Amino acid sequence: MNLDDYRGILVFAEQREGEIQNVGLELLGKAKELASEINEEVTAILLGYQVEHLSKELISYGADKVVVVDEEELKFYDTEAYAQAFSSVIKDKKSEIVLVGATTIGRDLGPRVSARVVTGLTADCTKLEISEERELLMTRPAFGGNLMATIICPDHRPQMSTVRPGVMQKFSKDEARTGEVEKFDVEFDKSKMKVKIIEIIKEEKEKIDITEANVLISGGRGVGSADNFKKLEGLAEEIGGTVSASRAIIDSGWIDHDRQVGQTGKTVRPDIYFALGISGAIQHVAGMEESEYIIAINKDKGAPIFNISDLGIVGDVSKIVPMITEEIKLLKS
Ligand code: FAD
């Protein structure tokens, strides 16, 4: 492989039902910054059906060029069809760097595409830089966030990375920007497409905005289990609060991402914030330290959360929460 044959930055512009996802725009912003260091162009790859009109938006957010694969096979997200289209574009364009948002779709697609184009992929990067040797330095938390690892891909191209939503900054929109739009034809190998989407039924979710809550009951890893976490609803109900969480809980899948408090979640300012089994990592504190009154329960008296709490209780959250809930019930009866 001659590494010098690979040029330019390709950003996966994920769209759902004709709407570009924010993370794609954020990655265009980052790509623009990286591209200026290596003197290359930023290309957005847009996959879907009847989506070509979205190219303009991608250009206004920093894409110099948009490669569109507009085919009926791509109407709904299907791993195989999208992987075939994405890898065909990469093979043709010989991109030097490929960036993908770490959404459910990006996490499914990114690794599969990287295997097909025979390269590596660094997932969940929080920082991307260019080294003096023109390599992409991909930094991501390792060992549960206790250290940051910087990873390079020295022998293969493209250098691929996924980045979570909200980590990078969007380029400010400039409607006057112009760019090239290329329609790209893909010959799908339909024999490999084993999934047929018959109907999409959306889960009806009640939208709860934790930034609007006056009382937040926030649980962290110290809550111990999904069952214990569900019990926080009991306390929330008694005091008219809303349940939120640290990222450790979101990563465990116990509650939706829109309930995450912190740097990559929401910034909240309730009247009362319960931090239950939350250590008080800097990224969590960044999203809740402005709360009016902070009550922390943690079994470790040295936990950093106590440095910013108004009331600290040292003890086992799984024992104390049911006690508080019962006590409030009694007071109300
Ligand atoms: P831990 O740090 O594991 O803490 C668990 C705590 O529970 C400990 O203090 C322990 O003493 C206590 N405990 C254990 N058992 C009990 C018990 N039975 N009773 C009482 N206490 C108990 N995190 C966020 O929350 N929000 C973000 O937006 C966010 N963004 C991030 C962005 C980046 C770029 C990075 C690198 C990290 C980010 N993180 C974020 C992760 C953050 O660094 C921490 O890893 C995370 O906040 C830890 O969650 P936690 O406090 O629930 O778990």
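One is the number of the first residue; the rest follow in order along the sequence. Atoms considered below: every heavy atom in the structure, side chains included; atoms not considered: hydrogens, waters and symmetry mates. Keep in mind the model is a prediction, meaning the values are calculated, not measured. When a ligand or atom number is given, it counts from 1 through the structure's own listing order.
Looking at heavy atoms from C-beta onward, Thr126 lies in side-chain contact with Met148 at the 4.5 angstrom threshold. Contact of the Gln21 side chain with the Thr103 side chain is not registered, since no non-hydrogen atoms from C-beta on lie closer than 4.5 Å. When side chains are defined from C-beta on, Lys266 does not count as touching Val261, because their heavy atoms never get closer than 4.5 Å. Here the side chains of Tyr82 and Asp108 are not in contact, with every heavy-atom distance at 4.5 Å or above.
Short contacts between ligand 1 and Asp316, defined as distances under 4.0 Å to a heavy atom of the residue, involve ligand atoms 17 (C), 18 (N), 19 (N). Counting atoms of ligand 1 from 1 in the listed order, those under 4.0 Å from a heavy atom of Gly262 are 26 (N), 27 (C), 28 (O). For ligand 1, the atoms sitting less than 4.0 Å from at least one non-hydrogen atom of Gln263 are 27 (C), 28 (O), 34 (C), numbered in the order shown with element in parentheses. When each atom of ligand 1 is checked for a heavy atom of Thr126 under 4.0 Å away, the hits are 34 (C). Contact atoms of ligand 1 toward Asp300: 11 (O) (distance under 4.0 Å to a heavy atom of the residue). For ligand 1 and Gly265, the ligand atoms under 4.0 Å from any heavy atom of the residue are 28 (O). Set against the non-hydrogen atoms of Ala281, the atoms of ligand 1 under 4.0 Å away are 42 (C), 43 (O), 44 (C), 47 (O). Counting atoms of ligand 1 from 1 in the listed order, those under 4.0 Å from a heavy atom of Val317 are 17 (C), 19 (N), 20 (C).
Ion pairing of Arg177 with Asp174 is absent here, as no side-chain N (NZ or NE/NH1/NH2) approaches a carboxylate O to less than 4.0 Å. No salt bridge links Glu72 with Lys75; every basic N to acidic carboxylate O contact stays at or beyond 4.0 Å. Ion pairing between a basic and an acidic side chain is recognised when a charged N comes within 4.0 Å of a carboxylate O; Arg107 and Asp124 show such pairing.
Using a 3.5 Å distance cut-off with no hydrogens or angles, the side chains of Ser161 and Thr122 do not pair a donor with an acceptor. No donor-acceptor contact under 3.5 angstrom links the side chains of Asp227 and Ser225, judged on distance only.
Between Gly277 and ligand 1, at least one pair of N/O atoms sits closer than 3.5 Å. The N/O atoms of Met148, backbone and side chain alike, include none that comes under 3.5 Å of an N/O atom in ligand 1. Checking only distances, Ser318 never comes within under 3.5 Å of ligand 1, N or O to N or O.
Ranked by closest heavy atom to atom 17 (C) of ligand 1, the top entry among Gly222, Gly287, Ser252, Gly280 is Gly222. Considering Lys127, Gln283, Lys301 only, the shortest heavy-atom separation from atom 42 (C) of ligand 1 involves Gln283.
Contacts of Pro141 with ligand 1, taken as heavy-atom pairs under 4.0 Å, involve the side chain alone. At a heavy-atom distance under 4.0 Å, no atom of Ile305 approaches ligand 1.
Exactly one residue among Val42, Ile59, Thr178 makes a side-chain contact (heavy atoms from CB on, under 4.5 Å) with Asp64. That residue is Val42.
Heavy-atom distances between Gly219 and ligand 1 stay at or above 4.0 Å for every pair.
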